[in-house]
S.K.: 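This structure is in structure tokens; I'll ask about it shortly.
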Amino acid sequence: MEGGPEAIKRHPESFFFYAALIDHYIAHNEAPKALKYADELQKNAPMNGLKSFVKGYVYQNTGDYHNAIIWQEVCNQLEPNVPENLSALGFNYVAVAEDYEANLRGNRTTDEARKTLKEYYVKAKGYLEECRKVVPEKTEFW
């Protein structure tokens with residue numbers, strides 16, 4: 001992205017430039033570069049929930065749902081009830097559940113495995129229900 005890294009060097013505190021650069025790299029399938037800037041953004045303000053959300057967003061867009069959940073849960077602890085984050089957490093738990101369920105197909109499913117699968121869906125439901133309470137008019141979020 002032309003001018004992106006230079007703008008960050010001149011304005012390292014500006015969320016706008018980081019966000020634009022991260023979105024650019026995600027859109028162009030350059031996840032390692034997006035993650036580099038998300039790491040830098042989060043490292044500059046580790047107690048800022050939004051910046052933790054952005055790091056989770058990068059992981060989500062690369063299909064690394066477990067790491068996305070970790071960072072989005074950090075965001076939820078720092079800044080509870082952010083609709084985009086609650087929605088993303090719900091989505092990511094559903095994705096983890098679907099991956100887990102796909103890996104179970106064709107194998108004997110133990111009680112423990114069924115319990116784990118159910119826990120993923122229950123967590124997803126909890127976050128999506130919370131999102132619904134926060135923004136009931138935005139059905140696309142939940």
Side-chain angles (χ1 to χ4, degrees), residues 1-105 107 109-142:
M1 176 174 196
E2 188 127 356
E6 291 81 22
I8 287 175
K9 286 177 190 171
R10 286 192 305 273
H11 306 283
E13 72 292 340
S14 176
F15 180 78
F16 172 80
F17 293 117
Y18 277 99
L21 195 57
I22 288 167
D23 278 340
H24 170 80
Y25 286 134
I26 287 172
H28 289 86
N29 296 318
E30 297 183 70
K33 289 180 181 178
L35 189 55
K36 173 187 176 261
Y37 285 105
D39 284 339
E40 191 175 306
L41 178 66
Q42 196 276 328
K43 212 180 307 180
N44 289 340
M47 298 307 290
N48 182 306
L50 179 61
K51 294 176 182 183
S52 295
F53 169 76
V54 169
K55 191 167 178 177
Y57 169 82
V58 172
Y59 280 119
Q60 178 179 328
N61 280 280
T62 62
D64 187 345
Y65 303 115
H66 288 282
N67 275 319
I69 288 169
I70 289 168
W71 287 102
Q72 290 163 348
E73 284 185 345
V74 168
C75 173
N76 198 47
Q77 290 171 0
L78 296 171
E79 295 182 37
N81 298 325
V82 173
E84 293 81 359
N85 191 56
L86 294 170
S87 180
L89 277 162
F91 168 84
N92 287 318
Y93 271 110
V94 167
V96 167
E98 289 173 344
D99 287 348
Y100 188 77
E101 191 171 18
N103 288 329
L104 293 175
R105 288 193 191 110
N107 298 318
T109 306
T110 65
D111 288 342
E112 186 64 31
R114 281 190 289 278
K115 180 182 173 195
T116 298
L117 181 61
K118 183 178 178 180
E119 287 171 359
Y120 289 140
Y121 281 119
V122 167
K123 284 188 177 205
K125 182 180 176 191
Y127 284 117
L128 294 172
E129 285 176 344
E130 189 61 34
C131 186
R132 184 178 185 177
K133 288 178 193 172
V134 175
V135 287
E137 72 284 357
K138 293 191 175 183
T139 57
E140 68 276 12
F141 279 34
W142 44 269

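Side chains included, hydrogens not; waters and symmetry mates left out as well; all remaining heavy atoms used. FYI, the numbering just counts along the sequence from 1.
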S.K.: When rounded to the nearest 0.5 angstrom, what is the spacing between NZ in Lys51 and CG in Leu78?
M.R.: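 One gets 12.0 Å once the value is rounded to the nearest 0.5 Å.
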
S.K.: Check Pro83 against Cys131 and note the closest heavy-atom contact, atom names and distance.
M.R.: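 Heavy atoms of Pro83 and Cys131 come nearest at O-SG, 3.6 Å.
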
S.K.: Please round to the nearest 0.5 Å and tell me the distance separating atom CG of Leu50 and atom CD of Glu84.
M.R.: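 With rounding to 0.5 Å, CG (Leu50) is 9.0 Å from CD (Glu84).
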
S.K.: Hey, are Glu98 and Tyr65 close enough side-chain-wise for a donor-acceptor pair under 3.5 Å?
M.R.: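 No, Glu98 and Tyr65 have no side-chain donor paired with an acceptor closer than 3.5 Å.
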
S.K.: Under 3.5 Å, side chain of Asn85 to main-chain N/O of Asn81, donor-acceptor pair present?
M.R.: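 Pair absent, no side-chain N/O of Asn85 close to backbone of Asn81.
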
S.K.: Between Ala97 and Leu117, what is the shortest heavy-atom contact and its length?
M.R.: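 It is O-CD1, 3.3 Å.
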
S.K.: Looking only at side chains, do Tyr93 and Gln72 share a donor and an acceptor under 3.5 Å apart?
M.R.: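 The criterion, which ignores hydrogens and geometry beyond distance, is not satisfied for Gln72 and Tyr93.
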
S.K.: Return the NZ to CH2 distance between Lys125 and Trp142, rounded to the nearest 0.5 Å.
M.R.: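 Taking NZ in Lys125 and CH2 in Trp142, the distance rounds to 13.5 Å.
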
S.K.: How long is the span from the CG atom in Leu35 to the CG atom in Asn61, to the nearest 0.5 Å?
M.R.: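 Between atom CG of Leu35 and atom CG of Asn61 there are 11.5 Å.
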
S.K.: For a side-chain contact (heavy atoms from CB on, under 4.5 Å) check, start with the C-alpha distance between Leu41 and Lys55, then their side-chain angles and the critical distance, and finish with the verdict.
M.R.: CA-CA 8 Å; Leu41 178 66; Lys55 191 167 178 177; over 6 Å; no

S.K.: Nearest 0.5 Å, what's the CZ-CG distance between Phe53 and Asn76?
M.R.: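 If we round to the nearest 0.5 Å, Phe53:CZ and Asn76:CG are 11.5 Å apart.
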
S.K.: Give me the atom names and distance for the closest heavy-atom approach of Leu86 to Tyr127.
M.R.: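 The pair with the smallest heavy-atom distance is O-CB, 3.6 Å.
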
S.K.: If you round to the nearest 0.5 Å, how far is CD1 of Ile69 from NZ of Lys123?
M.R.: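 Going from NZ on Lys123 over to CD1 on Ile69, the span is 8.0 Å.
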
S.K.: Taking all non-hydrogen atoms of both residues into account, name the closest pair between Pro46 and Ser52 and its distance.
M.R.: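 Of all heavy-atom pairs spanning Pro46 and Ser52, the closest is O-OG, 4.3 Å.
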
S.K.: How far apart are the C-alpha atoms of Trp71 and Gln60, what are their side-chain angles, what is the distance that settles it, and do they pass the side-chain contact (heavy atoms from CB on, under 4.5 Å) test?
M.R.: CA-CA 10 Å; Trp71 287 102; Gln60 178 179 328; over 6 Å; no

S.K.: Assign the ring pair His66 / Tyr120 to parallel, tilted or perpendicular, where the plane angle (0 to 90°) is split at 30° and 60°.
M.R.: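 Because their plane-to-plane angle is over 60°, the rings of His66 and Tyr120 count as perpendicular.
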
S.K.: Taking the side chain as C-beta and beyond, is there a heavy-atom pair between Tyr59 and Ile70 under 4.5 Å?
M.R.: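 The answer is no, as the side chains (C-beta and beyond) never meet within the 4.5 Å cut-off.
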
S.K.: Flag the pair Asp39 and Lys36 as a salt bridge only when some basic side-chain nitrogen lies within less than 4.0 angstrom of an acidic carboxylate oxygen.
M.R.: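 Lys36 and Asp39: not salt-bridged.
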
S.K.: If you take all heavy atoms of Ala34 and Ile22, which pair is closest and at what distance?
M.R.: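 Reported closest heavy-atom pair: O-CG1, 3.8 Å.
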
S.K.: With a 3.5 Å distance limit and no angle check, can you tell me whether Glu79 reaches the backbone of Gly49 through a side-chain donor-acceptor pair?
M.R.: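 Here the side-chain-to-backbone pair exists.
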
